[in-house]
Number of protein chains: 2
Amino acid sequence: MAIELRPSQALRLLHELSLAQVRDDAPDLSPRQLAILLSVYLEAPPHTVRGLAARLGVTKPVITRALDTMGQLRLVSRRRDEADRRNVIIQRTVEGALYLERLGDLVVATARSLPR
Amino acid sequence: MAIELRPSQALRLLHELSLAQVRDDAPDLSPRQLAILLSVYLEAPPHTVRGLAARLGVTKPVITRALDTMGQLRLVSRRRDEADRRNVIIQRTVEGALYLERLGDLVVATARSLPR
DNA sequence: GGGGAACAATCCGCAGCCGTAACGATTGCG
DNA sequence: CGCAATCGTTACGGCTGCGGATTGTTCCCC
């Protein structure tokens, strides 16, 4: 069953979500950071800087910096690939999983409260 | 009918949307800017700097700067309130309406393509 | 084994946004 | 009237992210 949604409902949903994100003290991730985080958690591992840069269509330093920031927030972690030590494997963390879990719940709750 | 959505679908939706936004050459608005834009277009006018600041829980300069940026992008415009010349009324523009229309359509299309 | 390729990180200058604190204009109340 | 309050903007110092170029390490292949 596809998700049926009208444009007006879609915009209301975005509205509520953006308001919640802005008001949260939670460190609001930039669109790029969120895209990286979701790619790491939703797509099949392994994830490398190179791969993520290609996936998002941005340069590698962008990925490195975003990982620096989100690493400090404990949302992801990095590990050397021992099989090929040039690679860095981006790993999920408990905190990152919790963050996305709460985010998903927020979306669900917001969608449910939309007027029909 | 409430919108039924599972958390995993919600996250997939956010994933696709953030990827689309990052890859677009379109000037990707910050969460705050998007919240302001949606408030202006979805909530009843009139909109003032003061009111938007209170609505988002941020300081007034944040609103002023966001309006500067989005004004240059022609997404919103400003006008003095002639009844009380201390106030500034934030107005919608054709470009802003088009921007949101496209955004809404993107969300709808993405939601429709989600696996069930 | 040596040289080039691949990879992530770092450096650099730059632009944008932040919060706090001021400021000028306008209003309305005492 | 005049003076405090309100409103939006601007100034300031700081922080973060950006693109592009470079660096150091590791691998691969001849």
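The chains referred to below are lettered A, B, ... by the order of the sequence lines, with proteins before strands, and numbering in each begins at 1.
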Task: Inter-residue atom distance His15(A).NE2 - Glu43(B).CD, 0.5 Å rounding - done: 4.0 Å
Task: Residue Asp84(A), side-chain atoms from C-beta onward, closest of dC27(D), dG8(D), dC7(C) - done: dC27(D)
Task: Side-chain ion pair, Arg78(A) and Asp68(A), N-O less than 4.0 Å - done: yes
Open item on the list: Less than 4.0 angstrom between a side-chain N/O of Arg80(A) and OP1 or OP2 of dA8(C), yes or no?
Closed with: no
Task: Relative orientation of the end axes in the helix from dG1(C)-dC30(D) to dG30(C)-dC1(D), expressed as an angle to the nearest 10° (five pairs per end) - done: 10°
Task: Candidate nucleotides dT27(C), dA8(C), dT26(D), ranked by approach to the side chain of Arg85(B) - the nearest - done: dT27(C)
Task: Gap between atoms CZ and C1', on Arg50(B) and dT26(C) respectively (whole Å) - done: 15 Å
Open item on the list: Checking contacts here: which listed nucleotide (dA5(C), dG8(D), dT26(C)) is nearest the side-chain heavy atoms of Arg86(A)?
Closed with: dA5(C)
Open item on the list: Please confirm whether the shortest side-chain N or O distance from Thr64(B) to OP1 or OP2 of dT10(D) is below 4.0 Å.
Closed with: no
TODO: In whole angstrom, give the distance that lies between atom CD1 of Ile89(A) and atom C1' of dA9(C).
DONE: 16 Å
Open item on the list: Students often get this wrong, so: under 4.0 angstrom with heavy atoms, is Val62(B) touching a base, only sugar-phosphate, or nothing?
Closed with: sugar-phosphate
- [ ] State whether Thr69(B) places a side-chain N or O below 4.0 Å from either non-bridging phosphate oxygen (OP1 or OP2) of dC17(C).
- [x] yes
TODO: Establish, with yes or no, whether the OP1 or OP2 oxygen of dG16(C) is under 4.0 angstrom from a side-chain nitrogen or oxygen of Gln33(B).
DONE: no
TODO: Nearest whole angstrom, please: distance from the P of dT10(D) to the CD1 of Ile63(B).
DONE: 15 Å
